[in-house]
> 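Questions regarding the structure given below will be posed in turn.
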Amino acid sequence: MPTPTTPISSPPAAADERLRQTGRVRKLLARPEFGALSGTVLVFVLFGLSAGGSGMFSAEGVINWGTVAAFLGIIAVGAALLMIAGEFDLSIGSMIGFAGMMMAIPCLYWGWPVWLAVLFAFATAMLLGAVNGWLVIKTGLPSFIVTLAFYFILRGLSLAISVLMTGKTILSSNADAVLRDLILADPVVQMLFQGHVLTGLFDALAGAGWMAARDNGTALAIGVPKVMVWWLLLTGVGAFMLSRTRLGNWVLAVGGDPHAAKNVGIPVARVKIGLFVLMAFCATLFAVLQVADAGSAAADRGLQKEFEAIIAAVIGGCLLTGGFGSVIGAALGALIFGVVQIGIGYTSIDNNWYRVFLGGMLLAAVLFNNYIRKRVTLGRV
């Protein structure tokens with residue numbers, strides 16, 4: 001009778017020393033938006049203690065600083081994606097002033113409907129954004145130099161064209177009343193770029209005593225401005241694209257090493273030019289929303305917005321060298337801007353300290369991001 005054989009157990013596989021478990025804390029610190037999230041919490045705590053009872057966190061107060069954050073957040077989305085791809089655009093502010101005039105002049109002097117003027121502004125600005133990107137790719141010059149040139153070109157064009165066509169650089173006084181009436185009469189612009197949403201909900205909350213009300217019973221806070229809706233929409237789309245799509249992987253790869261990305265078949269030129277076009281779209285959206293809200297346009301609008309957008313992106317975790325960053329972090333950076341800029345008015349602090357705070361936040365963000373990146377790379381977190 002055959003003797004049953006005893007199965008031979010295989011020795012346990014040796015652990016691969018090249019593989020290492022990553023702890024939750026290390027994962028959290030490695031997130032590009034961690035610094036911005038920490039800064040946001042700190043800012044809210046500081047203003048909660050110093051201005052908590054001043055109305056800053058009432059519905060109207062939140063709408064005030066949320067609107068400022070939303071305007072900056074719109075251009076911060078484009079700036080963040082462009083920086084992640086390893087490029088800069090210093091013509092953002094000039095593009096805002098230029099696009100605003102390209103919307104207002106056709107309405108007031110050429111007899112165009114407002115919706116057509118808006119399309120013209122978007123098309124013109126995005127074409128210039130494509131030229132920006134094409135020059136960066138074809139010449140091999142740093143985008144800092146090319147877009148700095150466009151910074152002056154677009155600002156000069158805005159001033160020269162507005163003086164040539166209208167004889168002035170600010171379309172205000174009687175002109176703004178006419179432009180405001182044209183905007184209010186255009187259903188497309190009204191639906192997309194002007195006014196508020198959730199007005200009925202706010203009035204219902206005011207009627208129930210949950211929000212401050214006017215004498216007629218309506219809410220003191222009219223509703224959520226459409227600029228905030230656009231901000232949230234762009235941030236959500238940008239964050240999803242960067243983290244969940246092939247295009248997002250391309251953007252990260254192009255910013256990390258464009259030569260390696262090109263060698264594996266990524267269309268580096270198309271990706272970068274597309275992001276310059278997106279940046280122009282964001283700047284034009286900023287301008288259209290601003291003109292629709294104010295009912296006027298000026299050739300010198302958008303001053304220093306390029307720096308604020310870049311600072312918001314850096315606070316949000318975007319590296320100046322590219323290949324690393326977060327759209328959510330840039331949105332948090334814009335939120336910090338809005339809270340600080342408006343929140344200082346609710347305290348006894350002199351408004352002149354606003355720029356000092358922003359500079360300090362920029363320096364702290366750069367140092368923190370650099371420190372954490374080195375620690376994560378070396379595995380010491």
> Please answer: with hydrophobic residues joined when any side-chain heavy atoms are less than 4.5 Å apart, are L303 and F286 in the same cluster?
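Cluster IDs for L303 and F286 differ.
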
> Measure across I75 and M279 and return the closest heavy-atom pair with its distance rounded to 0.1 Å.
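It is O-CE, 3.4 Å.
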
> Give, for atom CD1 of I96 and atom CG of D300, the distance between the pair rounded to the nearest 0.5 Å.
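Rounded to the nearest 0.5 Å, the CD1-CG separation comes out at 12.0 Å.
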
> Looking only at the aromatic ring of each residue, does the gap between the centers of F44 and W65 stay below 6.0 angstrom?
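For W65 and F44, the ring centres are under 6.0 Å apart.
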
> For residues L127 and L116: do they belong to one hydrophobic cluster (side chain heavy atoms under 4.5 Å, members Ile, Leu, Val, Met, Phe, Trp, Tyr)?
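Different clusters.
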
> Any side-chain heavy atom of M83 sitting closer than 4.5 Å to one from I310?
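SC-SC contact between M83 and I310 confirmed.
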
> Show your working on side-chain contact (heavy atoms from CB on, under 4.5 Å) between V327 and L234 and close with a plain yes or no.
CA-CA 9 Å; V327 173; L234 279 179; over 6 Å; no

> Mind checking who shares a hydrophobic cluster with L49, ILVMFWY linked at side-chain heavy-atom distances under 4.5 Å?
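V41, V45, which link up through side-chain heavy atoms under 4.5 Å apart, make up the rest of the cluster.
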
> Let me confirm one number: the CG-CD1 distance from D293 to I183, rounded to the nearest 0.5 Å.
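The CG atom of D293 sits 9.0 Å away from the CD1 atom of I183.
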
> When you compare the side chain of L141 with that of L135, does any pair of heavy atoms fall below 4.5 Å?
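No; the side chains remain at least 4.5 Å from each other.
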
> Looking at E306 and G93, would you say the former's side chain and the latter's main chain have a donor-acceptor pair under 3.5 Å?
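Here the side-chain-to-backbone pair exists.
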
> Give a yes or no on whether the backbone of A299 and the side-chain of R155 come within a donor-acceptor separation of less than 3.5 Å.
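Judged by distance alone, yes, a pair lies under 3.5 Å.
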
> Run the side-chain contact (heavy atoms from CB on, under 4.5 Å) check on L332 and I315 step by step: do they pass?
CA-CA 8 Å; L332 292 174; I315 291 175; over 6 Å; no

> Would a distance-only check, ignoring hydrogens and angles, find a side-chain to backbone donor-acceptor pair under 3.5 Å from T147 to F150?
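Not confirmed, T147 side chain does not pair with F150 backbone.
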
> Is there a side-chain contact between L184 and Q194, using heavy atoms and a 4.5 Å cut-off?
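Side-chain contact under 4.5 Å: yes.
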
> So, N263 side chain and H259 main chain: donor-acceptor pair closer than 3.5 Å or not?
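Looks like yes, one N/O pair under 3.5 Å.
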
> Has T218 got a side-chain atom pairing as donor or acceptor with D203's backbone, closer than 3.5 angstrom?
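It does not hold such a pair.
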
> Taking side chain as C-beta onward, heavy atoms only, is V118 less than 4.5 Å from L192?
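No; the side chains remain at least 4.5 Å from each other.
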
> Would you name the heavy atoms of L179 and A104 that are closest together and state the gap between them?
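Closest pair (atom of L179, atom of A104, distance): CD2-CB, 4.0 Å.
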
> Do S94 and R301 get their side chains close enough for a donor-acceptor pair, meaning under 3.5 Å?
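No - no donor-acceptor pair under 3.5 Å links their side chains.
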
> Under the 3.5 angstrom rule, does the side chain of N64 hit a backbone N or O of E60 as a donor-acceptor pair?
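A pair under 3.5 Å: yes.
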
> Is the centre of the Y346 ring less than 6.0 Å from the centre of the F47 ring?
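Centroid separation for Y346 and F47: 6.0 Å or greater.
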
> Could you give the distance from CG (L81) to CG (L252), rounded to the nearest 0.5 Å?
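It is 9.5 Å, given to the nearest 0.5 Å.
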
> Starting from I222 and following side-chain heavy-atom contacts under 4.5 Å between hydrophobic residues (I, L, V, M, F, W, Y), which residues can be reached?
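Taking Ile, Leu, Val, Met, Phe, Trp and Tyr as members, I222 stands alone, with no cluster partners.
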
> Side chains of M56 and V339: closer than 4.5 Å at any heavy-atom pair?
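Yes - at least one pair of side-chain heavy atoms lies under 4.5 Å apart.
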
> Please verify the inter-ring angle class for F120 with W110; under 30° counts as parallel, over 60° as perpendicular, anything in between as tilted.
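Ring orientation of F120 relative to W110: perpendicular.
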
> Which heavy atom of A269 sits nearest to which heavy atom of I137, and what is that distance?
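That would be CB-CG2, 3.8 Å.
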
> For the side chain of N132 and the backbone of F276, is there at least one donor-acceptor N/O pair under 3.5 Å apart?
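Side chain of N132 to backbone of F276, a donor-acceptor pair under 3.5 Å: no, none is there.
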
> Please examine the side chains of F202 and V224, heavy atoms only from C-beta on, and report whether any two atoms are closer than 4.5 Å.
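In contact.
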
> Under 4.5 Å between side-chain heavy atoms, counting indirect links through other Ile/Leu/Val/Met/Phe/Trp/Tyr residues: same cluster for V237 and I84 or not?
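Per the 4.5 Å side-chain linkage, V237 and I84 are co-clustered.
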
> Near W112 CH2, under 6.0 Å, is it more than 12 heavy atoms from other residues, nucleotides or ligands?
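Yes, CH2 of W112 has more than 12 neighbouring heavy atoms, counting only those of other groups under 6.0 Å.
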
> Show the nearest heavy-atom pair for residues T235 and A331, with the distance to one decimal.
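Smallest interatomic distance, heavy atoms only, reads CG2-CB, 3.7 Å.
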
> Over all heavy atoms of both residues, which pair between G97 and S158 is shortest? Give the atoms and the distance, please.
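Where G97 meets S158 most closely, the heavy atoms are C-OG, 3.9 Å.
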
> Compare all side-chain heavy atoms of P267 with those of W250 and state whether any distance is below 4.5 angstrom.
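A side-chain contact under 4.5 Å exists here.
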
> Decide side-chain contact (heavy atoms from CB on, under 4.5 Å) for V268 and K272; before the verdict, give the C-alpha distance in whole Å, the side-chain angles of both, and the deciding distance to 0.1 Å.
CA-CA 6 Å; V268 175; K272 289 194 175 186; 4.1 Å; yes

> Output the rest of the hydrophobic cluster of L42: all Ile, Leu, Val, Met, Phe, Trp and Tyr residues reachable through side-chain heavy-atom contacts under 4.5 Å, sorted by chain and number.
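Traced through the cluster, L42 reaches L46.
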
> Between atom CD1 of I92 and atom CG of L82, what is the distance when rounded to the nearest 0.5 Å?
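Between atom CD1 of I92 and atom CG of L82 there are 7.5 Å.
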
> Give, for atom OG1 of T284 and atom CE of M102, the distance between the pair rounded to the nearest 0.5 Å.
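Output value for this atom pair is 11.0 Å.
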
> May I ask you to decide if M191's main-chain N or O and K226's side chain share a donor-acceptor pair within less than 3.5 Å?
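Side chain of K226 to backbone of M191: a pair is present.
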
> When hydrophobic residues are tied together by side-chain contacts of less than 4.5 Å, even through go-betweens, does F240 share a cluster with L247?
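In one cluster: no.
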
> Checking the side chain of T124 only, and the main-chain atoms of A121 only, is there a donor and an acceptor separated by less than 3.5 Å?
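Pair absent, no side-chain N/O of T124 close to backbone of A121.
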
> Write down the atom of I273, the atom of G133, and the distance for their closest heavy-atom approach.
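Closest approach of I273 to G133: CG1-C, 3.7 Å.
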
> What's the verdict on side-chain contact (heavy atoms from CB on, under 4.5 Å) for W115 and L119, showing C-alpha distance, side-chain angles and the deciding distance?
CA-CA 6 Å; W115 66 266; L119 286 179; 3.7 Å; yes

> In the single-linkage hydrophobic clustering (I, L, V, M, F, W, Y; side-chain heavy atoms under 4.5 Å), do L159 and L90 co-cluster?
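No; tracing contacts between hydrophobic side chains, which count when under 4.5 Å, never links both residues.
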
> How long is the gap from OG1 on T139 to CD1 on I145, to the nearest 0.5 Å?
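CD1 of I145 is found 10.5 Å from OG1 of T139.
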
> Examine distances only and state if a side-chain atom of S58 and a backbone atom of G55 form a donor-acceptor pair shorter than 3.5 Å.
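Yes; at least one donor-acceptor contact below 3.5 Å.
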
> Any side-chain heavy atom of W231 sitting closer than 4.5 Å to one from F71?
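With C-beta onward as the side chain, the pair stays apart.
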
